[in-house]
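Beneath this line is the structure, given in structure tokens, with notes to follow.
Counting begins at 1 with the first residue of the sequence. Quick caveat, the model's predicted, so the values are computed rather than measured.
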Amino acid sequence: MAPEVHGFEIVRRGYDRAQVDAYLALLVPGTAPDAPPAFDIVRRGYDRAQVDARLAELRATGGHT
């Protein structure tokens with residue numbers, strides 16, 4: 001499995017890739033998400049644990065890297 005643009009693996013059942021990509025694109029450098037968004041679970045989506053960990057990291061550091 002090759003990683004995608006954000007480094008997330010594609011798994012059998014995961015977060016909708018377009019929703020995750022759109023959400024991350026909306027983040028302005030220096031800002032962090034207030035709360036985790038709700039992504040649909042789809043076939044061949046991004047690994048949920050990886051996306052959740054990345055969003056937690058953004059909240060903890062207070063910024064988008």
### Query
How about R12 and R43: do any of their side-chain heavy atoms sit closer than 4.5 Å?
no
### Query
Passes side chain to side chain contact (heavy atoms under 4.5 Å, CB included), I41 versus R48? Steps please.
CA-CA 9 Å; I41 305 298; R48 291 179 275 177; 3.3 Å; yes
### Message
Please give me the minimum heavy-atom distance between Y46 and D21, naming the atom from each residue.
### Response
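So the minimum-distance heavy-atom pair works out to OH-OD1, 2.8 Å.
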### Query
Can you name the nearest heavy-atom pair linking E9 to Q50, along with the distance?
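In this case the closest contact between E9 and Q50 is N-OE1, 2.7 Å.
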### Derivation of the side chain to side chain contact (heavy atoms under 4.5 Å, CB included) call for F39 and L55
CA-CA 12 Å; F39 300 120; L55 294 177; 4.0 Å; yes
